[in-house]
K.L.:
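This is the structure, below, for whatever I ask next.
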Amino acid sequence: MASGELFLIDLEKIIRDKAGDKAKFVPGFLISWLKRIIHQNEVNEFLAQTKDLVGVPFLDECVKYLDMELHVKGLENLPKDGRLCTFVSNHPLGGADGVAMGKILGHEYEGKIKYLVNDLLMNLHGLAPLCIPINKTGKQSRDFPRMVEAGFTSDNHILMFPAGLCSRKTDGVVKDIPWTKTFITKSVETHRDVVPIHFSGQNSDFFYNLANVCKRLGIKFNIAMLFLVDEMYKNRHKPFEVSIGEPISWQTFDKSKSPAQWAQYVQDIVYEL
């Protein structure tokens, strides 16, 4: 995509690019259904309206568009002494929560934040300046450590969702899968304190049931991900609570526990907020 070119979702082009000659065998009704599920027309209309916005102003407009009512507790816990931090949160919604967190932290730190995100989001012109792209399964997999290093050695605060996926429902409880240890090891290495954040909310029962069925069937492709935009629209006009905990000094994460155990320790703190 050329620099400055507006990115719009074109499902038919995506299918042609991915399926090649086989694209002609994809039924028209399936394409129409998928367009509705990903809200292609509505999303493209929003992207066209916000084409001149980047960074935090773009996030502001996203929150306004989604009509998210954010109730933030613990703003006094955000360090203001110049030290760089790693902000970690649960990931209940899989999209809107990230947008809201970026807006909150972006205003507190004058836009000096970076997301570690899937590289697909880099296509969003307004979000790209805030992102360090991560794609652990595609062509960039060998660059994953380099991109993480670039984020943690930058002069920006880091915002991460250590679960990697949005929350799942197990035995009636919506919760992240176990967090990965990267935020622990890199925060210690770069002397960043860790700030735990809890975001309220959940997706629909349909979403969780679909994710659980795919898991039981051993389907590796994340089919539930296709419905995340639809879930975002279902969560419009709702209130959410954001609870910011006290910073945890990087020196806390010593050899008494493994990095994975420390990651679980922080995850437990988040769910106690």
K.L.:
Which pair of non-hydrogen atoms, one from T86 and one from S187, has the smallest distance, and what is that distance?
P.N.:
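The pair with the smallest heavy-atom distance is OG1-OG, 2.8 Å.
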K.L.:
Distance check, rounded to the nearest 0.5 Å: L34 atom CG versus L226 atom CG?
P.N.:
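Reported value, rounded in 0.5 Å steps: 7.0 Å.
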K.L.:
Inspect the surroundings of CD in E110 and state if more than 12 heavy atoms from other residues, nucleotides or ligands are less than 6.0 Å away.
P.N.:
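At most 12 heavy atoms, drawn from other residues, nucleotides or ligands, come within 6.0 Å of this atom.
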K.L.:
Roughly how far, to the nearest 0.5 Å, is the CD1 atom of I113 from the NZ atom of K103?
P.N.:
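Answer rounded to 0.5 Å: 11.5 Å.
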K.L.:
Evaluate whether atom NZ of K181 has more than 12 neighbouring non-hydrogen atoms of other residues, nucleotides or ligands under 6.0 angstrom away.
P.N.:
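No.
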K.L.:
Does atom CD (E246) have a neighbourhood of more than 12 heavy atoms from anything else shown, all under 6.0 Å?
P.N.:
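Open.
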K.L.:
Can you tell me how far the SG atom of C166 sits from the OH atom of Y208, to the nearest 0.5 Å?
P.N.:
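With rounding to 0.5 Å, SG (C166) is 6.5 Å from OH (Y208).
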K.L.:
Hey, what do you get for CE (M101) to CG (L93), rounding to the nearest 0.5 Å?
P.N.:
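Here the rounded value is 11.0 Å.
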K.L.:
Is the F161-F199 ring centre distance short of 6.0 angstrom?
P.N.:
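No, the ring of F161 stays outside the 6.0 Å limit from the ring of F199, centre to centre.
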K.L.:
What closest approach, in Å, do L53 and P57 show between heavy atoms, and which atom pair accounts for it?
P.N.:
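Of all heavy-atom pairs spanning L53 and P57, the closest is CD1-O, 4.0 Å.
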K.L.:
Looking at D171, I want to see if its CG is surrounded by more than 12 non-hydrogen atoms of other residues, nucleotides or ligands under 6.0 Å.
P.N.:
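Result for CG/D171: open.
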K.L.:
Cationic tip of R236 within the cone over Y65's six-membered ring, i.e. under 6.0 Å and within 45° of the normal?
P.N.:
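Judged by the rule (NZ or CZ under 6.0 Å from the ring centre, within 45° of its axis), R236 counts as positioned above Y65.
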K.L.:
E45 and N41: side-chain donor and acceptor closer than 3.5 Å?
P.N.:
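No, because no side-chain N or O of E45 sits under 3.5 Å from a partner of the opposite role on N41.
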K.L.:
OH of Y265: more than 12 outside heavy atoms within 6.0 angstrom?
P.N.:
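Counting other residues, nucleotides and ligands, OH of Y265 stays at 12 neighbours or fewer.
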K.L.:
Indicate whether any N or O donor in one side chain lies under 3.5 Å from an N or O acceptor in the other, for H91 and D176.
P.N.:
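Judged by distance alone, the side chains do not pair up.
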K.L.:
Which atom names give the shortest non-hydrogen contact between P196 and V266, and what distance separates them?
P.N.:
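Taking P196 first and V266 second, the nearest heavy atoms are CB-CG1, 4.5 Å.
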K.L.:
Are N203 and L228 close enough, and set up right, to give a side-chain contact (heavy atoms from CB on, under 4.5 Å), and what steps lead you there?
P.N.:
CA-CA 9 Å; N203 289 322; L228 281 178; 4.2 Å; yes
K.L.:
Once rounded to the nearest 0.5 Å, what's the spacing between atom NZ of K112 and atom CG of L105?
P.N.:
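Going from the NZ atom of K112 to the CG atom of L105 covers 14.5 Å.
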K.L.:
Do L273 and I197 come within less than 4.5 Å of each other through their side chains, counting heavy atoms only?
P.N.:
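Contact flag for L273/I197 side chains = no.
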K.L.:
Would you call the rings of F227 and F206 parallel, tilted or perpendicular, where under 30° means parallel and over 60° means perpendicular?
P.N.:
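F227 and F206: perpendicular rings.
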K.L.:
Would I244 end up clustered with V56 when hydrophobic side chains under 4.5 Å apart are linked, directly or stepwise?
P.N.:
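Shared cluster, no.
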K.L.:
Any donor-acceptor pair under 3.5 Å linking the side chain of R168 with the backbone of I177?
P.N.:
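Checking the backbone N and O of I177 against the side chain of R168, no donor-acceptor pair under 3.5 Å is found.
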K.L.:
Supply the atom-to-atom distance I248 CD1 to W262 CH2, rounded to the nearest 0.5 angstrom.
P.N.:
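Going from the CD1 atom of I248 to the CH2 atom of W262 covers 9.0 Å.
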K.L.:
Kindly give the heavy-atom pair with the smallest separation between P92 and G201, and that separation in Å.
P.N.:
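The answer is CB-O, 3.2 Å.
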